[in-house]
Amino acid sequence: MKKSLYIVPFYTLSVLLLFFASSCNKSRPANKIHDEEKKELASDTIPLDTIVKTVSATIDTADYNKRMLALSNYDTSGRWPVKTTYPLPGALLPYNRIVAFYGNLFSKRMGILGELPKQQMLKKLQSEVAKWQAADTTVKVIPALHYIAVTAQGSNSVNNKHRLRMPFRQIDTIVNWAKSIDAVVFLDIQVGHSSVKEEVVSLSNYFKLPNVHLGIDPEFSMKNGETPGTKIGTFTADDINDAIDFLAKIVRDNKLPPKVLVVHRFTQRMVTNYKKIKTIPEVQVVINMDGFGDKILKKSTYLAYIYREPVQFTGFKLFYKNDTKKSCNGLYTPEELLKFKPQPIYIQYQ
């Protein structure tokens, strides 16, 4: 492994560690990959000229409306379900619930995806999928690997961007692992001093694959030149719309089904001008509650920043370690989260 591919660790402020630095583990990587996976990282490559089928022209709007109403848990506030444009045919949501494992192969500290060896990790993911499917038999549950493809950096990196792009061979490995269990893939971007518009372009070929989707993390978007990890960053609606416009063009140019865009959030200022976020047929937007703590704190955050500022769909992150410390009362169960209004359609484990 070349030294230039190592991830430089950094640490968030101690005042943020209790909850609001939700990704405190995801940006402090170690410089090792599981030994048994090194060969796979070097050899797992995929052709990016995959042929995809053209989707049909319409969807059953009555069925879609029924599913969205059920997903809202029959909320009476008028916020949910959100009245947005119908998606193109082949949309994943709301026809499926996505259960994802998050992480990076260079680090055991950034999430469950990089913490466990491949087979153990995939087996655990499939176990979580089975739990969710048993809890709600009305919505098909599908697995996902949510991979941090661009990591924010505390030290000054290439072009002073405070971000590091993962090698393509590593992303190829994740795509192949996903294929082995019929999972979808999310490539996550922590922009540092870069921008969403600049970073998505570097991954264009992957988004041409029908099963590869996008995640963006405002926590590490430092608008005023701060070092990532020293404060919580922010995305405006314009930043998020840059991602939406990019994905929409990929979908149109390659005749693909809609892409899913996951936007992480756990504070008010992480996402600004939410009403200006586009909702278009080519892209399905999930605002993901990305914070750790006890159940009361997590639910209050979901209500404050996800429920009260509706965009389209919602997600919820569960931290195997930070949600289960002595001061906390364990992970939310599928049955508990299904009582939320609206129900999260995207579940992420870190």
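Here, residue 1 is the first one in the sequence, and each next residue gets the next number. Atoms considered below: every heavy atom in the structure, side chains included; atoms not considered: hydrogens, waters and symmetry mates.
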Discussion item. Can you confirm if the NZ or CZ of K140 lies within 45° of the ring axis of Y95 and under 6.0 Å from the centre of its six-membered ring?
Written reply: no
Practice prompt. Test the K124-Y320 pair against the cation-pi criterion, namely NZ or CZ under 6.0 angstrom from the six-membered ring centroid and within 45° of the ring axis.
Written response: yes
Worksheet item: Between H146 and Y102, what is the ring plane arrangement, given parallel below 30°, perpendicular above 60°, and tilted in between?
Response: tilted
Worksheet item: Using the ring of each side chain (for Trp, its six-membered ring), is H162 parallel, tilted or perpendicular to H193, with breaks at 30° and 60°?
Response: tilted
Worksheet item: Any luck finding a side-chain donor-acceptor pair between D75 and S72 under 3.5 Å?
Response: no
Discussion item. Under a plain distance cut-off of 3.5 Å, with no hydrogens placed, do Y307 and T314 share a side-chain donor-acceptor pair?
Written reply: no
Do [X] and [Y] touch side chain to side chain, with heavy atoms closer than 4.5 Å?
{"X": "D188", "Y": "D217", "answer": "yes"}
{"X": "V212", "Y": "L203", "answer": "no"}
{"X": "L187", "Y": "F207", "answer": "yes"}

Discussion item. Within a 6.0 Å radius of atom NZ on K223, are there more than 12 heavy atoms belonging to other residues, nucleotides or ligands?
Written reply: yes
Worksheet item: Heavy-atom count around K341 NZ within 6.0 Å, excluding the residue itself: above 12?
Response: yes
Main chain of [Y], side chain of [X]: is a donor-acceptor contact present, judged purely on distance under 3.5 Å?
{"X": "D323", "Y": "L331", "answer": "no"}
{"X": "Q120", "Y": "P117", "answer": "no"}
{"X": "Q190", "Y": "A152", "answer": "yes"}

Does a salt bridge link [X] with [Y], judged by any charged N lying under 4.0 Å from a carboxylate O?
{"X": "D294", "Y": "K298", "result": "no"}
{"X": "K231", "Y": "E226", "result": "yes"}
{"X": "E282", "Y": "K249", "result": "no"}

Worksheet item: Are the ring centres of Y86 and Y64 closer than 6.0 Å?
Response: yes
Item to complete: Check whether the ring centres of Y349 and F319 lie less than 6.0 Å apart, and answer yes or no.
Response: no
Worksheet item: Among pairs that include at least one residue of residues 265-274, which meet salt bridge (charged side-chain N to carboxylate O under 4.0 Å, His left out), considering only residues two or more places apart or in two chains?
Response: R265-E309
Worksheet item: Any link between L116 and V185 through a network of hydrophobic side chains (Ile, Leu, Val, Met, Phe, Trp, Tyr) touching at under 4.5 Å?
Response: yes
Worksheet item: Going through the checks in order, is the ring pair (Phe, Tyr, Trp, His ring centres under 6.0 Å) test met by F313 and Y346?
Response: CA-CA 8 Å; F313 297 95; Y346 170 85; over 10 Å; no
